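Bear in mind that the values here come from a model prediction, so they are computed numbers and not experimental data.
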Amino acid sequence: MKPLLAEIWGWLEAVPDPEIPVVSVVELGIVRDLSWQGDLLKVTVTPTYSGCPATAVISMDIEKALRDHGISDLRIETQIAPAWTTDWMTATARTKLADYGIAPPTAAGGPSECPRCGDPNVSRVSQFGSTPCKAQWRCNSCLEPFDYFKCI
């Protein structure tokens, strides 16, 4: 008997993003769709950007999680259009990012406050952070550096 898609979504909630392990690939909005095509489970994945080096690892982690739950006939497809957007992130992902010390994306294109002390007096150090989807910022109050998840 095939598991329900809702159950499979739940399994994938436990698959962490390899670069930010406190959030799942579902919470980031990377897993775009699940569908049964006969006995084949099709998983559609959209990376945070088309050149994301973690895409292969994400696909392997998803495949392992599904196989561990008994799904042997599956296909993971990478879909780059429409392009991933931070709008696809869940509110839970944004909270987890901030709790982890990464400022979540904002409509303003920069962090609204330091994720460590909460002070709004922040400045950009570099457009490039620890991964291509993040920029490096610094709090002018507590002086701590932090990553900001770029709006895409």
Side-chain angles (χ1 to χ4, degrees), residues 1-116 122 124-138 145-152:
M1 181 175 194
K2 293 188 295 194
L4 297 174
L5 293 177
E7 183 177 19
I8 298 169
W9 279 107
W11 298 339
L12 296 180
E13 284 276 355
V15 177
D17 177 81
E19 294 177 331
I20 311 168
V22 296
V23 293
S24 77
V25 293
V26 171
E27 292 167 329
L28 279 178
I30 294 170
V31 178
R32 297 303 306 148
D33 190 43
L34 300 173
S35 63
W36 285 109
Q37 298 176 346
D39 289 331
L40 175 90
L41 177 66
K42 180 181 166 194
V43 181
T44 304
V45 175
T46 299
T48 55
Y49 75 100
S50 61
C52 178
T55 302
V57 174
I58 290 167
S59 293
M60 288 187 308
D61 290 349
I62 290 170
E63 181 175 350
K64 181 180 181 330
L66 295 173
R67 291 195 187 285
D68 287 350
H69 283 92
I71 297 180
S72 58
D73 196 5
L74 65 110
R75 182 174 72 230
I76 299 173
E77 291 187 355
T78 301
Q79 177 181 315
I80 58 172
W84 179 87
T85 171
T86 51
D87 293 341
W88 295 354
M89 293 172 67
T90 65
T92 301
R94 293 168 188 274
T95 300
K96 286 180 177 181
L97 285 173
D99 291 346
Y100 191 62
I102 299 172
T106 64
S112 58
E113 63 183 27
C114 172
R116 302 194 195 294
V122 297
R124 185 172 66 187
V125 174
S126 174
Q127 183 60 24
F128 306 100
S130 60
T131 63
C133 56
K134 292 180 272 188
Q136 185 69 49
W137 285 68
R138 180 177 68 107
F146 63 91
D147 278 335
Y148 166 68
F149 205 101
K150 298 178 197 176
C151 289
I152 299 175

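Smallest separation of non-hydrogen atoms from Thr106 and Ser112: CG2-N, 4.1 Å. Closest heavy-atom contact between Lys2 and Gly38: NZ-O, 2.9 Å. In this structure, Ala135 and Ser126 approach most closely via the heavy-atom pair CB-O, 3.5 Å. Taking every heavy atom of both residues into account, Tyr148 and Pro104 meet most closely at CE1-O, 3.2 Å. Looking at every heavy atom in both residues, Thr46 comes nearest to Ala83 through CG2-C, 4.3 Å. The nearest pair of heavy atoms linking Pro16 to Pro21 is CB-O, 3.5 Å.
One finds the OG1 atom of Thr131 at 8.5 Å from the CG atom of Asp17 (value rounded to the nearest 0.5 Å). Remark: Cys114 SG to Arg138 CZ distance equals 11.0 Å, nearest 0.5 Å. Within the model, atoms CD1 of Ile58 and OG1 of Thr48 stand 7.0 Å from one another, a figure rounded to the nearest 0.5 Å. With rounding to the nearest 0.5 angstrom, the CG atom of Leu28 is 8.5 Å from the SG atom of Cys133. Phe149 CZ to Arg94 CZ: the interatomic distance, rounded to the nearest 0.5 Å, is 9.5 Å. Here CG of Leu74 is found 9.5 Å from CD1 of Ile8. Values are rounded to the nearest 0.5 Å.
Residues that satisfy the side-chain contact (heavy atoms from CB on, under 4.5 Å) test with Asp99, not counting sequence neighbours, are Thr95. Partners of Arg124 according to the side-chain hydrogen bond (donor to acceptor under 3.5 Å, both in side chains) rule, which considers only residues two or more places apart in sequence or in another chain, are Gln127. With sequence neighbours excluded, the residues satisfying salt bridge (charged side-chain N to carboxylate O under 4.0 Å, His left out) with Asp147 are Lys134. Listed by chain and number, the residues in a side-chain hydrogen bond (donor to acceptor under 3.5 Å, both in side chains) with Gln79 amount to none (sequence neighbours excluded).
Residue pairs meeting the salt bridge (Lys or Arg N to Asp or Glu O under 4.0 Å) criterion with at least one partner in residues 18-29, sequence neighbours excluded, are Glu27-Lys96. Applying the ring pair (Phe, Tyr, Trp, His ring centres under 6.0 Å) rule to pairs touching residues 6-26 yields Trp11-His69, sequence neighbours excluded.
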>> Apply side-chain contact (heavy atoms from CB on, under 4.5 Å) to residues Leu5 and Leu41 and explain how you reach the verdict.
In response: CA-CA 9 Å; Leu5 293 177; Leu41 177 66; 4.1 Å; yes

> When you look at Val125 and Trp137, which way does the side-chain contact (heavy atoms from CB on, under 4.5 Å) test go after all the steps?
Replying inline: CA-CA 5 Å; Val125 174; Trp137 285 68; 5.7 Å; no

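Within 6.0 Å of the CG atom in Leu40, the count of heavy atoms belonging to other residues, nucleotides or ligands exceeds 12.
In this structure, the side chain of Trp84 does not engage the main chain of Val45 through any donor-acceptor pair within 3.5 Å. Using a distance-only test at 3.5 Å, with no hydrogens or angles considered, a donor-acceptor pair links the side chain of Arg67 to the main chain of Ser72. Put simply, the side chain of Thr90 gets close to the backbone of Ala93: a donor and an acceptor are under 3.5 Å apart. The closest donor-acceptor contact from the side chain of Lys42 to the backbone of Asp33 lies at 3.5 Å or more, if one exists at all. Checked by atom type and distance alone, the side chain of Arg116 pairs as donor or acceptor with a backbone atom of Pro145 at under 3.5 Å.
When side chains are defined from C-beta on, Val26 does not count as touching Val15, because their heavy atoms never get closer than 4.5 Å. Within the 4.5 Å cutoff, side-chain heavy atoms of Phe146 are placed close to those of Val122. Residues Asp61 and Val25 are not in side-chain contact: their nearest non-hydrogen atoms beyond the backbone lie 4.5 Å or more apart.
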